[in-house]
2 protein chains.
Amino acid sequence: MSVDSEQLDRGFAALGDPVRRALIARLSRGEATVNELAEPFDITKQAISRHLQVLETAGLITRSRDGQRRPCRLNPAALEALTSWIDDYRLTAERQFRRIDAILETVKEQDS
Amino acid sequence: MSVDSEQLDRGFAALGDPVRRALIARLSRGEATVNELAEPFDITKQAISRHLQVLETAGLITRSRDGQRRPCRLNPAALEALTSWIDDYRLTAERQFRRIDAILETVKEQDS
DNA sequence: GCTATATTCAACACATCAGTTGATCAACGG
DNA sequence: CCGTTGATCAACTGATGTGTTGAATATAGC
């Protein structure tokens, strides 16, 4: 299941902020409300609310409604889409390096 | 092998740009110089040069020297550090969800 | 209805980023 | 030497991001 470029933009950019990564770390242990999520941080709840909007736009979290609360939960599938993009190219690179090593090895043998 | 928060900031932020991801895609197939990398893009070589600096600062690529060329090659280990951060939390979340599903299942059985 | 709580919206300040152009530096080739 | 090529540096512009404060919205509970 592939993802378009803008989703990758938003997903990776979302992870490029320590506050948002901390929010993800917290949400990996279970859903939480904005207030609960904001509690450990020194910044305002409005700022946290915006970080959560960024995560939601990136598809990394989903939000439901429970009275006046807006509980957030992590979306593992979106995380998986990001790792699989990275892994594609990492594996290609590793294969490439092994191939080059093999060629160098061959050259060395012929040389001796 | 863990990575500090600033490295994650730089790494993920670096991937949050389509030009830089395209550079990584290209480099996964083998090393290349700035000129070669810039060729397919509509932006100036200076802009590409800066993107490469961003990737280098993030540790995602390394650069050597070959006369006046500065060949770039991908660093798979840095990519792996990013996927492993994501996977940690993705797996935690998936375990958490399975646990909750199991609890709901138990409740449903007791209810019937 | 009235007040408190949870969350978001709006407007602003400040920093960072991505791109440009023009100049500079370093190495290569005749 | 000297012109050319590969790459970077510097200064500037416009856009985007992160934070603030203060107001607004919506729901809960009496």
Between [options], which one does the side chain of [X] approach most closely?
X        : options                  : result
Ser49(A) : dG19(C), dA7(D), dT8(C)  : dT8(C)
Arg50(A) : dC9(D), dA11(C), dA28(D) : dA11(C)
Gln68(B) : dA27(C), dA7(D), dA23(C) : dA27(C)
Gln46(B) : dT8(C), dG19(D), dT21(C) : dT21(C)
Ile43(A) : dG19(D), dT18(D), dT7(C) : dG19(D)
Arg70(A) : dT8(C), dA6(C), dT8(D)   : dT8(C)
Arg63(B) : dG19(C), dT20(D), dA7(D) : dA7(D)

Does OP1 or OP2 of dT20(D) have a side-chain N or O of Thr44(A) closer than 4.0 Å?
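Affirmative; the distance criterion is met.
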
Just by modelled atom types, is the Gln7(B) backbone N or O under 3.5 Å from a matching donor or acceptor in the Asp4(B) side chain?
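Side chain of Asp4(B) to backbone of Gln7(B), a donor-acceptor pair under 3.5 Å: yes, one is there.
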
Gap between atoms [atom1] and [atom2], on [X] and [N] respectively (whole Å):
X        : N       : atom1 : atom2 : result
Asp66(B) : dC28(C) : CG    : C1'   : 11 Å
Phe41(A) : dT20(D) : CZ    : P     : 12 Å
Lys45(A) : dT20(D) : NZ    : P     : 13 Å
Glu56(B) : dA7(D)  : CD    : P     : 13 Å
Phe12(A) : dT16(D) : CZ    : C1'   : 20 Å
Asp9(B)  : dA15(C) : CG    : C1'   : 15 Å
Arg20(B) : dC17(C) : CZ    : P     : 9 Å
Asp17(B) : dT16(C) : CG    : C1'   : 14 Å

Tell me what Gln53(A) touches on the nucleic acid: a base, only sugar-phosphate, or nothing, going by heavy atoms under 4.0 Å.
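Since only primed, P, OP1 and OP2 atoms lie under 4.0 Å of Gln53(A), the category is sugar-phosphate.
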
With nearest nucleotides of DNA chain D determined for Asn35(B) and His51(A) from heavy-atom distances, which residue corresponds to the more 5′ nucleotide?
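Nearer the 5' end of the strand: Asn35(B).
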
Find out whether the Lys NZ or Arg CZ of Arg21(A) is both under 6.0 angstrom from the six-membered ring centre of Tyr89(B) and within 45° of the ring's axis.
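No.
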
Mark yes or no: Arg20(B) above the aromatic ring of Phe12(A), with NZ or CZ under 6.0 Å from the six-membered ring centre and no more than 45 degrees from the axis.
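No, Arg20(B) does not lie over the aromatic ring of Phe12(A).
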
From Leu15(A) atom CG to Leu82(B) atom CG, the distance as rounded to the nearest 0.5 Å
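Separation between the atoms: 9.0 Å.
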
Taking only Lys NZ, Arg NE, NH1 and NH2, and the carboxylate oxygens of Asp or Glu, determine whether Arg90(A) and Asp87(A) approach each other closer than 4.0 Å.
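Asp87(A) and Arg90(A): salt-bridged.
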
